[in-house]
Colleague: 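Structure provided below as structure tokens; questions to follow.
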Amino acid sequence: MPSLKLVAAFAAVAATAAVATAFGLVAVSGSAHATSESVGLWQVYDQTLSKARYIDLTHEITPGIPVWKGFGPGKFSATIDPKTGKAYTYAKDGFEATAYKLATDQFGTQLDPPAHWAPQYPGIDELPASYAVRPLVVISIVPQVAKNPKYALTVADVLAFEKTHGRIPAGSVVMVRSDWSKRWTEDPAKAKALAADPVFPGVTLAALKLLHLRRHILFHGHEPLDTDTTPTLEGEHWLMHHGYTQAEGVANLDGVPETGCLVAIGYPKFKGGLGGYARYVAICPSSTAKGTLISGKDAPLPKSSKPLHWDANLGYRVR
């Protein structure tokens, strides 16, 4: 596994080198017939990304997932044809679609832009496209949380991590693993209780300042729906009012190596949006135990023997 120093050095030079170095497998170069820029990234894909393991760090969005009580749950329904007042159906129209009534853009796995708290800073649509792919660091506080469910990442934890793995690279995304996401539920009653539970792991303000002001990371992420358990949410307040973003509601960090991976970051571009329904995918070396490999089943996608159908009890389509 490559060191963080090596990842950082090449990431600072170019996105191409960042990808190559994160896996330690390729050297980006041109050919006699093309420039290095035109060939290099294809080489990265062919020699590295095509062999990588992909781990989804995102919860599925359903109407009853945990959400702050001040926002409330969502509701899914079949899209209605405005001409007939009836839902589109496969049998009648040849297609179906879904209408989503979501009380907030702070729902599920998220990317918080600073305008969520501070309107002087960018909203979700104003975040740069350069957020797309970054080196990924995962710092685990699972042992500490097992002893204290309200444990928050400290400066000492970050420094201890760096003593073992090397300096955290500038421009990276740092995910804090607590395994809180294993309590995630789609049962509305349990989800309501989980979202209201004041006992959850977090990140201290001092650790956030170290990561942003001294390590110059892009943003950090955590599994719970809030940054910390302080009365004023001091960590989130500081981040938002200083122009930083953060990821919330992240999942499946237990399968991601501490270093050596990338993270792909996607979110819808709502104009003036103050939150982002995000999808994070860790791109990890082929030696990683968990994750999905690129295969011939990616296109065309496999056909299921169990067609999607609407489940009235759950309020969304299932197989």
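As the structure is a prediction and not an experimental result, all values here were calculated from the model. Computation of the quantities below employed the complete heavy-atom set of this structure, encompassing side-chain atoms and omitting hydrogens, waters and symmetry-equivalent molecules.
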Colleague: Which heavy atom of Gly171 sits nearest a heavy atom of Pro135, and at what distance?
Modeller: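 Looking at all heavy atoms of both residues, the shortest contact is O-CD, 4.2 Å.
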
Colleague: Could you give me the CA-CA distance, side-chain angles and deciding distance for Val256 and Met175, then say whether side-chain contact (heavy atoms from CB on, under 4.5 Å) is met?
Modeller: CA-CA 10 Å; Val256 182; Met175 296 292 189; over 6 Å; no

Colleague: So do the side chains of Leu159 and Phe161 get within less than 4.5 Å of each other, counting heavy atoms only?
Modeller: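 Leu159 does not reach Phe161 side chain to side chain.
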
Colleague: Are Ile80 and Trp310 linked, directly or through intermediate hydrophobic residues, by side-chain heavy-atom contacts shorter than 4.5 Å (ILVMFWY only)?
Modeller: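 No: no chain of side-chain contacts under 4.5 Å links Trp310 to Ile80.
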
Colleague: Whether the side chain of Thr58 engages the backbone of Tyr280 through a donor-acceptor N/O pair (distance < 3.5 Å, no angle test) should be reported.
Modeller: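 Confirmed, Thr58 side chain pairs with Tyr280 backbone.
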
Colleague: Nearest 0.5 angstrom please: Leu233 CG to Met240 CE, how far?
Modeller: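 Leu233 atom CG to Met240 atom CE measures 11.0 Å (nearest 0.5 Å).
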
Colleague: Would you call Leu308 and Tyr316 a side-chain contact if the rule is heavy atoms closer than 4.5 Å?
Modeller: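 No, their side chains stay 4.5 Å or more apart.
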
Colleague: Answer yes or no: is there a side-chain heavy-atom contact under 4.5 Å between Asp226 and Phe200?
Modeller: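 Counting from C-beta outward, Asp226 and Phe200 do come under 4.5 Å.
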
Colleague: Hydrogens and angles aside, do Gln144 and Asp157 bring a side-chain donor and acceptor to less than 3.5 Å of each other?
Modeller: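 Yes, a side-chain donor-acceptor pair sits under 3.5 Å.
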
Colleague: Return yes if some donor-acceptor pair links the side-chain N/O of Arg177 with the main-chain N/O of Ser140 below 3.5 Å, else return no.
Modeller: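 Here the side-chain-to-backbone pair does not exist.
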
Colleague: Ignoring hydrogens and geometry beyond distance, is a side-chain donor-acceptor pair present between Thr185 and Asp187 at under 3.5 Å?
Modeller: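 No.
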
Colleague: In the structure I gave you, are the side-chain heavy atoms of Glu234 and Asp228 within less than 4.5 Å of one another anywhere?
Modeller: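 When only atoms from C-beta onward are counted, Asp228 and Glu234 do touch, with a gap below 4.5 Å.
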
Colleague: What are the two closest non-hydrogen atoms of Pro201 and Ile141, and how far apart are they?
Modeller: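 That closest heavy-atom pairing would be CB-CD1, 4.3 Å.
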
Colleague: Do Leu127 and Phe270 share a hydrophobic cluster (ILVMFWY, side-chain heavy atoms under 4.5 Å, transitive)?
Modeller: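 Hydrophobic grouping puts Leu127 with Phe270.
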
Colleague: Under a 3.5 Å distance rule, please check whether Arg53 uses its side chain to pair with a backbone N or O of Thr288 as donor and acceptor.
Modeller: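 It does hold such a pair.
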
Colleague: I'd like to know if the side chain of Ser172 and the backbone of Pro169 have a donor-acceptor N/O pair within less than 3.5 Å.
Modeller: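 The answer is yes, because a donor-acceptor pair under 3.5 Å joins these two groups.
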
Colleague: Hydrophobic cluster membership, with links at side-chain heavy-atom distances under 4.5 Å among I/L/V/M/F/W/Y: are Tyr121 and Ile265 in one?
Modeller: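 No; tracing contacts between hydrophobic side chains, which count when under 4.5 Å, never links both residues.
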
Colleague: Report the C-alpha distance between Arg134 and Leu262 in whole Å, list the side-chain angles of each, state the deciding distance to 0.1 Å, and finish with yes or no for side-chain contact (heavy atoms from CB on, under 4.5 Å).
Modeller: CA-CA 6 Å; Arg134 293 298 178 113; Leu262 303 175; over 6 Å; no

Colleague: Hey, is the main chain of Leu274 close enough, under 3.5 Å, to the side chain of Asp105 for a donor-acceptor pair?
Modeller: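 Flag set: sc Asp105 to bb Leu274 pair under 3.5 Å.
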
Colleague: Is any side-chain heavy atom of Ile168 closer than 4.5 Å to a side-chain heavy atom of Val174?
Modeller: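 When only atoms from C-beta onward are counted, Val174 and Ile168 do touch, with a gap below 4.5 Å.
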
Colleague: Considering all heavy atoms of both residues, which atom of Ala191 and which atom of Pro66 are nearest to each other, and what is their separation?
Modeller: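 Between these two residues, the closest heavy atoms are CB-N, 3.5 Å.
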
Colleague: Can you hop from Trp180 to Val199 via hydrophobic side chains spaced under 4.5 Å?
Modeller: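 No; Val199 is not reachable from Trp180 via cluster members.
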
Colleague: List the steps and the verdict of side-chain contact (heavy atoms from CB on, under 4.5 Å) for Leu102 and Phe76.
Modeller: CA-CA 8 Å; Leu102 303 174; Phe76 299 179; 4.0 Å; yes

Colleague: Is the backbone of Ala152 close enough, under 3.5 Å, to the side chain of Thr204 for a donor and an acceptor to pair up by distance?
Modeller: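 Not confirmed, Thr204 side chain does not pair with Ala152 backbone.
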
Colleague: Between Glu236 and Tyr244, is any side-chain donor less than 3.5 angstrom from a side-chain acceptor?
Modeller: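 Looking only at side-chain atoms, Tyr244 and Glu236 do not form any donor-acceptor pair under 3.5 Å.
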
Colleague: Taking only Lys NZ, Arg NE, NH1 and NH2, and the carboxylate oxygens of Asp or Glu, determine whether Lys51 and Asp46 approach each other closer than 4.0 Å.
Modeller: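 So Lys51 does not pair with Asp46 through a salt bridge.
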
Colleague: Going by distance alone, is a donor N or O of one side chain under 3.5 Å from an acceptor N or O of the other, for Glu248 and Thr109?
Modeller: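 No, no side-chain donor-acceptor contact under 3.5 Å.
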
Colleague: Show your working on salt bridge (Lys or Arg N to Asp or Glu O under 4.0 Å) between Asp125 and Lys271 and close with a plain yes or no.
Modeller: CA-CA 5 Å; Asp125 58 306; Lys271 186 67 176 176; 3.6 Å; yes

Colleague: Looking only at side chains, do Arg317 and Thr98 share a donor and an acceptor under 3.5 Å apart?
Modeller: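 There is such a pair between these side chains.
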
Colleague: Rounded to the nearest 0.5 Å, how far apart are CD1 of Ile61 and CD of Glu186?
Modeller: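 Going from CD1 on Ile61 over to CD on Glu186, the span is 11.0 Å.
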
Colleague: Are the aromatic ring centres of His241 and His237 under 6.0 angstrom apart?
Modeller: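 That pair passes the under 6.0 Å test.
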
Colleague: Do Ser178 and His222 have side chains that get closer than 4.5 Å, going by heavy atoms?
Modeller: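 Not in contact.
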
Colleague: Determine whether Leu239 and His220 make a side-chain contact, defined as any pair of heavy atoms from C-beta on separated by less than 4.5 Å.
Modeller: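 Sidechains of His220 and Leu239: in contact.
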
Colleague: Is the centre of the Phe71 ring less than 6.0 Å from the centre of the Trp68 ring?
Modeller: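 Judged by ring-centre distance (under 6.0 Å), Phe71 and Trp68 do meet the cut-off.
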
Colleague: Ignoring hydrogens and angles, tell me if any N or O in the side chain of Asp93 forms a donor-acceptor pair with the backbone of Phe95 under 3.5 Å.
Modeller: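 No.
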
Colleague: State whether Lys182 and Glu223 are salt-bridged, where the test is any N-O pair (Lys NZ or Arg NE/NH1/NH2 against Asp/Glu carboxylate O) under 4.0 Å.
Modeller: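 Looking at Lys182 and Glu223, the cut-off is not met.
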
Colleague: Check for a donor-acceptor pair, side chain of Ser304 on one end and backbone N or O of Pro307 on the other, with a separation under 3.5 Å.
Modeller: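 No, Ser304 side chain to Pro307 backbone: no donor-acceptor pair under 3.5 Å.
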
Colleague: Looking only at heavy atoms, what is the nearest atom pair of Gly235 and Leu205, with distance?
Modeller: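 Heavy-atom minimum between the residues: CA-CD1, 4.3 Å.
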
Colleague: Is there a donor-acceptor contact under 3.5 Å from the side chain of His309 to the main chain of Val318?
Modeller: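 Flag set: sc His309 to bb Val318 pair under 3.5 Å.
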
Colleague: Going through the checks in order, is the side-chain contact (heavy atoms from CB on, under 4.5 Å) test met by Leu211 and Phe219?
Modeller: CA-CA 8 Å; Leu211 290 170; Phe219 64 79; over 6 Å; no

Colleague: Could you measure the distance from the OH atom of Tyr267 to the CG atom of Asp112? Nearest 0.5 Å is fine.
Modeller: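 Those atoms lie 12.5 Å apart.
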
Colleague: Rounded to the nearest 0.5 Å, how far apart are NZ of Lys75 and OH of Tyr100?
Modeller: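 These two atoms lie 14.5 Å from each other.
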
Colleague: When you compare the side chain of Asp254 with that of Lys290, does any pair of heavy atoms fall below 4.5 Å?
Modeller: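 Of all side-chain heavy-atom pairs linking Asp254 with Lys290, at least one is under 4.5 Å.
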
Colleague: To the closest 0.5 Å, what do you measure between CG (Leu293) and CG (Asp298)?
Modeller: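 Reported to 0.5 Å precision, the distance equals 9.5 Å.
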
Colleague: Specify the closest pair of heavy atoms between Ala207 and Thr154, including all atoms of both residues, with the distance to one decimal.
Modeller: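 Smallest interatomic distance, heavy atoms only, reads CB-C, 3.8 Å.
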
Colleague: With no hydrogens and no angle check, is any side-chain donor or acceptor of Tyr54 less than 3.5 Å from a backbone partner on Leu49?
Modeller: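 Side chain of Tyr54 to backbone of Leu49, a donor-acceptor pair under 3.5 Å: yes, one is there.
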
Colleague: With a 4.5 Å cut-off on side-chain heavy-atom distances among I, L, V, M, F, W and Y, is there a chain of contacts connecting Ile55 to Val142?
Modeller: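 In one cluster with Ile55: Val142, no.
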
Colleague: Compare every heavy atom of Ala195 with every heavy atom of Val67, then report the nearest pair and how far apart it is.
Modeller: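 Closest approach of Val67 to Ala195: O-CB, 3.2 Å.
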
Colleague: What's the separation between atom NZ in Lys306 and atom CZ in Arg319, rounded to the nearest 0.5 Å?
Modeller: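 Going from NZ on Lys306 over to CZ on Arg319, the span is 10.0 Å.
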
